[in-house]
Amino acid sequence: MAVQKRISFQVIRDEVKRRIEARVWPQGSLLPTETQLAEEFNCARATVNRALRELAEQGFVERKRKSGTRVKKEPRRQAKLEISLARQAVENQNSTYRYALVERNLVDSPGWLASQLDVAPAARVLHIICMHYADNRPFQLEERWINIDAVPDVVHADLDSSGPHEWLLNAAPFTDAEIAFSAVSADGRLAEYMGTTAGTSMIQLERTTWKDGQPITFARMTHHPGYCVRTRY
């Protein structure tokens with residue numbers, strides 16, 4: 001006797017989303033209960049619960065205790081932003097990548113950084129400045145502070161041949177991140193690094209990462225003039 005394959009929550013999630021988009025369940029309508037959906041898909045109620053939870057996180061439905069799950073009247077779709085390595089970004093545009101370590105120092109965390117990372121005042125951090133090039137033209141200036149308490153091995157890490165982002169992804173992959181984009185005008189120092197003139201507008205990305213609640217790093221990446229950020233949903 002053949003054993004029936006158990007249905008996954010992804011299958012249920014995608015089918016419920018398809019019905020919402022096809023207006024089988026119009027905006028504002030109440031979805032069948034978890035029990036009813038579990039019976040329809042011949043699965044555990046917990047499987048349905050996880051599928052609906054993901055749809056709620058994606059902005060398709062809203063869930064209220066004792067009121068059920070309802071299709072949002074204004075469903076939103078979350079854009080996905082891929083945070084790639086500078087090396088990957090350069091090679092994806094068919095350019096030759098080059099990395100250069102500019103500065104590397106063990107320092108006491110300045111007050112603004114201690115506040116940003118929520119670490120003790122004057123906590124020891126590794127401060128790194130490095131450049132990423134595309135076809136020998138400045139692509140990105142990376143300035144990074146790494147919490148030594150969270151990643152003690154970074155003190156002896158080889159960062160001469162590859163950047164700290166690559167090293168951290170292998171040694172201490174983050175579980176949570178906060179990202180902010182802004183447009184900045186290059187000062188004299190930034191203009192010199194990026195091979196442009198003071199006052200030039202550039203995109204700057206700031207990223208703070210944590211691993212299981214412990215702050216790992218704060219990084220500031222400034223991209224070459226004309227750099228474009230794309231995402232899709």
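Each residue takes its place number in the sequence, starting with 1.
In this structure, His224 and Pro138 approach most closely via the heavy-atom pair CB-O, 3.4 Å. Minimum interatomic distance between Pro164 and Tyr99 (heavy atoms only, all atoms of both residues): CD-OH, 4.1 Å. Here the shortest heavy-atom pairing between Ala191 and Ala186 reads N-CB, 4.1 Å.
Taking the side chain as every heavy atom from C-beta outward, Phe139 and Gln93 approach each other to under 4.5 Å. In this structure, Ile12 and Cys43 have side chains that are in contact, with non-hydrogen atoms separated by less than 4.5 Å.
Applying the side chain to side chain donor-acceptor pair (under 3.5 Å) rule to Asp135 yields the partners Ser95; only residues at least two apart in sequence or on another chain are considered. Residues meeting the side chain to side chain donor-acceptor pair (under 3.5 Å) test with Gln10, sequence neighbours left out: Ser8. Partners of His127 under the ring pair (Phe, Tyr, Trp, His ring centres under 6.0 Å) rule, at least two apart in sequence or in another chain, are Trp145. Every residue two or more places apart in sequence or in another chain that forms a ring pair (Phe, Tyr, Trp, His ring centres under 6.0 Å) with Tyr97 is listed here: His132. Among residues two or more places apart in sequence or in another chain, the salt bridge (Lys or Arg N to Asp or Glu O under 4.0 Å) test is passed with Glu34 by Arg45, Arg63. Checked against side chain to side chain donor-acceptor pair (under 3.5 Å), Arg23 has no partners two or more places apart in sequence or in another chain. The side-chain contact (heavy atoms from CB on, under 4.5 Å) check on Thr33 picks up Thr35, Gln36, with sequence neighbours excluded.
Residue pairs meeting the salt bridge (charged side-chain N to carboxylate O under 4.0 Å, His left out) criterion with at least one partner in residues 136-160, sequence neighbours excluded, are Glu142-Arg144, Glu143-Arg189. Sorted by first and then second residue, the ring pair (Phe, Tyr, Trp, His ring centres under 6.0 Å) pairs with a member in residues 6-59 form an empty list; sequence neighbours excluded. Sorted pairs that involve residues 167-180 and meet side chain to side chain donor-acceptor pair (under 3.5 Å), not counting sequence neighbours, are lacking altogether.
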Quick one: do Arg70 and Glu62 satisfy salt bridge (Lys or Arg N to Asp or Glu O under 4.0 Å)? Show the steps, please.
CA-CA 5 Å; Arg70 198 174 288 273; Glu62 55 185 350; 5.7 Å; no
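Of the candidates Val151, Val155, Leu159, Thr217, Leu159 is the only one forming a side-chain contact (heavy atoms from CB on, under 4.5 Å) with Leu126.
Ring geometry for Tyr227 versus His223: interplanar angle under 30°, hence parallel rather than tilted (30 to 60°).
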Which side-chain N or O atoms in residues 105-118 pair as donor and acceptor under 3.5 Å with protein atoms at least two apart or in another chain?
residue	atom	partner	partner atom	Å
Asp108	OD1	Arg124	NH1	3.1
Ser109	OG	Ala114	N	3.1
Gln116	NE2	Thr208	OG1	3.0

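Cluster partners of Leu141, using a side-chain heavy-atom cutoff of under 4.5 Å among ILVMFWY residues and allowing indirect links, are Val102, Ile129, Met131, Tyr133, Val184, Leu190, Tyr193, Met194, Met202.
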